[in-house]
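Since the structure comes first, as structure tokens, the remarks are kept for the end.
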Amino acid sequence: MLNSTGELEFSNEEDPEIISQLTSLALSDGKSSAGAPEKTGYPDSVYVMAANIFQGIRIEKSAQKVLIKYGNEPLRSFSESEDQSFQRLSYELAFSALKYQDILETILIDSCIFPSTTIPDHLSSLIIVMLYDFQDRKFQTRVLSDNEESISEVQEVENLLNSFKIKLAAALARCRIKHDALSIYHILPETVRKQELRASTLPLYAWINTCKISPEEVYNNLKRRGYNKVKSVLHVDDKVFAVDQHCYDVLIFPSHLKNDLINIDLFKDYKLIFQDKSRSLAVHSVKALLNMDDDILMVNTGSWYTVAHMSILTNSNTSKVFVCGVQSQAKDPDLKTLFTKMGCKNIEILRETFINIESKDHRLQKVKVILLLPRCSGLGVSNPVEFILNEHEDTEFLKDHSQGGISVDKLHILAQQQYEQLTHAMKFTKAQAVVYCTCSVCPEENEAVVKKALEFPDLGNKVQPYSGTLLRQCL
């Protein structure tokens with residue numbers, strides 16, 4: 001069983017009035033909670049998955065500053081759920097804990113839970129994520145469903161935190177007062193707070209799979225479900241949608257409708273697909289450059305939905321969509337199943353990484369446009385959790401976003417990789433255009449990379465040299 005210094009001394013001191021007074025000083029966000037649904041906690045399996053995610057991305061500190069030790073082994077997962085809603089809850093909880101890691105560690109130490117010789121190191125990550133949720137619920141008891149499977153480690157950590165309820169609430173209030181902040185939300189870096197604000201106000205984007213349904217059928221389907229078509233969804237709380245001004249097959253919804261939309265057949269049947277607009281804009285930019293029988297080469301696609309969208313936009317042509325860098329044949333059955341369900345027929349997967357493909361490769365002689373979606377800092381992404389789930393990004397992506405930026409060294413490494421891929425793309429002499437798309441707002445990954453690549457001397461024997469066209473701030 002878990003216990004810590006002074007646990008017994010404080011285990012019977014719970015006073016609802018004291019808790020209420022302390023938590024009023026220490027709300028976890030900067031917005032009014034009036035009208036918001038009361039938070040009741042998560043299933044045990046979400047805490048375990050969130051703890052394992054946090055364990056892999058937590059901010060490591062120098063040996064002199066370490067007061068809480070974390071183990072190296074992940075907790076045993078009792079659920080391998082592929083349900084995206086389950087994963088989303090786990091990633092969101094882990095990301096929230098990561099943003100507040102310093103504050104949460106301070107609270108645990110100030111409340112005398114740590115340092116402790118009786119708490120196993122491998123449970124530290126679970127304590128952190130559960131403490132974040134505990135204070136987010138204003139230290140109220142978690143509501144459990146009757147059919148929920150309990151996990152012993154979660155139950156033990158929950159009992160520990162409950163026994164320190166008053167001390168934790170007091171430590172949180174002192175932390176807020178120390179920083180002269182209205183809430184711990186206001187202790188976060190300004191860049192992180194601005195990102196959260198953007199994420200809460202940005203609309204949802206979804207593209208129409210025109211291989212399975214026409215736009216008019218989608219409009220009518222949504223109207224039957226009570227959705228109204230409008231010109232703009234900004235500042236609208238009703239069930240509405242609008243057609244994007246840049247991409248004719250992209251619909252826009254207010255963000256609060258996500259949970260309602262994911263349960264309708266249009267999304268379950270791959271007739272509507274949620275995806276960041278930057279990806280839709282990229283494939284539409286490619287489509288505008290193609291003739292009927294031109295092929296496309298896609299590099300670093302991230303989400304397979306991007307590949308599917310490119311395929312569907314060229315479905316009426318004789319074009320082929322080549323996708324490079326898929327090295328694991330184990331993915332083939334899943335990919336083929338996905339593409340079949342979506343109605344995609346013109347996709348060919350190449351095993352080689354892009355840099356290892358020769359510009360004279362016989363398979364690619366009809367490629368006229370290369371779509372390059374390089375790995376980037378992603379600092380233009382407002383909702384990193386959604387981006388990870390949709391674009392299959394590495395969880396390290398969350399660590400950078402929790403701090404509001406990345407190191408100069410890492411930015412330089414990314415820019416160099418982007419430059420190498422862009423100059424390699426420009427060596428394909430039969431290609432007439434390269435569409436280069438990042439999710440970064442850093443000039444070092446955008447204008448600077450393109451400018452440097454255009455100065456590259458060895459671009460093969462192109463009859464007409466490349467010139468740069470910049471498209472920004474349309475999202």
Side-chain angles (χ1 to χ4, degrees), residues 278-279 281-283 285-286 289 295-304 306-307 310 321-328 348-365 367-381 387-388 391-394 396-397 399-400 405-472:
S278 65
R279 296 317 193 211
L281 193 66
V283 296
S285 298
V286 171
L289 297 166
D295 292 344
I296 307 112
L297 176 60
M298 299 184 68
V299 184
N300 297 339
T301 56
S303 171
W304 292 111
T306 309
V307 178
M310 187 77 263
V321 178
F322 291 96
V323 186
C324 62
V326 184
Q327 297 175 315
S328 173
E348 292 200 19
I349 294 175
L350 308 179
R351 301 294 172 200
E352 304 94 321
T353 60
F354 178 55
I355 294 296
N356 291 330
I357 296 178
E358 293 288 338
S359 59
K360 296 181 180 179
D361 190 300
H362 70 279
R363 298 167 295 183
L364 307 177
Q365 294 310 295
V367 168
K368 292 298 186 289
V369 182
I370 299 174
L371 174 55
L372 179 56
L373 302 165
R375 287 203 64 193
C376 66
S377 65
L379 291 178
V381 173
F387 193 75
I388 280 181
E391 302 299 324
H392 309 305
E393 274 289 339
D394 193 280
E396 283 286 317
F397 188 76
K399 184 183 291 187
D400 296 331
I406 67 171
S407 68
V408 174
D409 289 343
K410 187 171 182 179
L411 186 62
H412 286 165
I413 291 172
L414 287 170
Q416 181 59 30
Q417 293 172 349
Q418 293 153 0
Y419 168 74
E420 290 171 359
Q421 290 188 339
L422 184 53
T423 52
H424 186 64
M426 294 166 70
K427 292 177 183 177
F428 285 70
T429 55
K430 293 193 176 181
Q432 297 175 348
V434 178
V435 175
Y436 175 84
C437 177
T438 75
C439 293
S440 171
V441 293
C442 300
E444 295 90 337
E445 298 180 271
N446 293 300
E447 296 93 329
V449 170
V450 173
K451 184 173 184 284
K452 184 179 177 182
L454 290 173
E455 297 169 353
F456 187 66
D458 183 18
L459 296 178
N461 299 315
K462 290 194 73 65
V463 175
Q464 184 174 351
Y466 279 106
S467 62
T469 300
L470 190 64
L471 180 61
R472 288 178 70 94

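Using a 4.5 Å heavy-atom threshold, the side chains of Ile406 and Leu414 count as touching. Side-chain atoms of Lys452 and Leu422, non-hydrogen and from C-beta on, never get closer than 4.5 Å to each other. Between Phe428 and Val367, every side-chain heavy-atom pair lies at or beyond the 4.5 Å cut-off. Side-chain contact between Met426 and Leu454 is present, with at least one heavy-atom pair separated by less than 4.5 Å.
Glu420 pairs by the side chain to side chain donor-acceptor pair (under 3.5 Å) definition with Gln416, not counting sequence neighbours. Glu444 is linked by a salt bridge (charged side-chain N to carboxylate O under 4.0 Å, His left out) to nothing, counting only residues two or more places apart in sequence or in another chain. Residues that satisfy the salt bridge (charged side-chain N to carboxylate O under 4.0 Å, His left out) test with Glu455, not counting sequence neighbours, are Lys451. For Glu445, the side chain to side chain donor-acceptor pair (under 3.5 Å) criterion is met by Ser377, Gln418, Ser440, not counting sequence neighbours. Under the side chain to side chain contact (heavy atoms under 4.5 Å, CB included) criterion, Asp361 pairs with Ile357, Arg363, Leu364, sequence neighbours left out. Every residue meeting the side chain to side chain contact (heavy atoms under 4.5 Å, CB included) condition with Gln365, not counting sequence neighbours, appears here in chain and number order: Lys430. In this view, Gln417 satisfies the side chain to side chain donor-acceptor pair (under 3.5 Å) rule with no residue, not counting sequence neighbours. In this structure Phe397 satisfies the ring-ring contact (aromatic ring centres under 6.0 Å, His included) test together with Phe387, His401, sequence neighbours excluded. For Lys399, the salt bridge (charged side-chain N to carboxylate O under 4.0 Å, His left out) partners are Glu396, not counting sequence neighbours. Applying the ring-ring contact (aromatic ring centres under 6.0 Å, His included) rule to Phe322 yields no partners; only residues at least two apart in sequence or on another chain are considered. Lys360 is linked by a side chain to side chain donor-acceptor pair (under 3.5 Å) to nothing, counting only residues two or more places apart in sequence or in another chain.
Residue Arg279 holds its CZ atom at 4.0 Å from SG of Cys439, rounded to the nearest 0.5 Å. Rounding to the nearest 0.5 Å gives a distance of 12.0 Å between CG of Leu350 and CG of Asn356.
Classified by interplanar angle (parallel below 30°, tilted 30° to 60°, perpendicular above 60°), the ring pair His424/Phe354 is perpendicular.
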Practice task
Could you walk me through whether Gln421 and Asn300 pass the side-chain contact (heavy atoms from CB on, under 4.5 Å) test, one step at a time?
Solution key: CA-CA 10 Å; Gln421 290 188 339; Asn300 297 339; 2.8 Å; yes
Exercise for the section: Would you sort out whether Met298 and Val307 count as a side-chain contact (heavy atoms from CB on, under 4.5 Å), showing the intermediate values? Expected result: CA-CA 8 Å; Met298 299 184 68; Val307 178; 4.2 Å; yes
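Sorted by first and then second residue, the salt bridge (Lys or Arg N to Asp or Glu O under 4.0 Å) pairs involving residues 406-415 (not counting sequence neighbours) are Asp400-Lys410.
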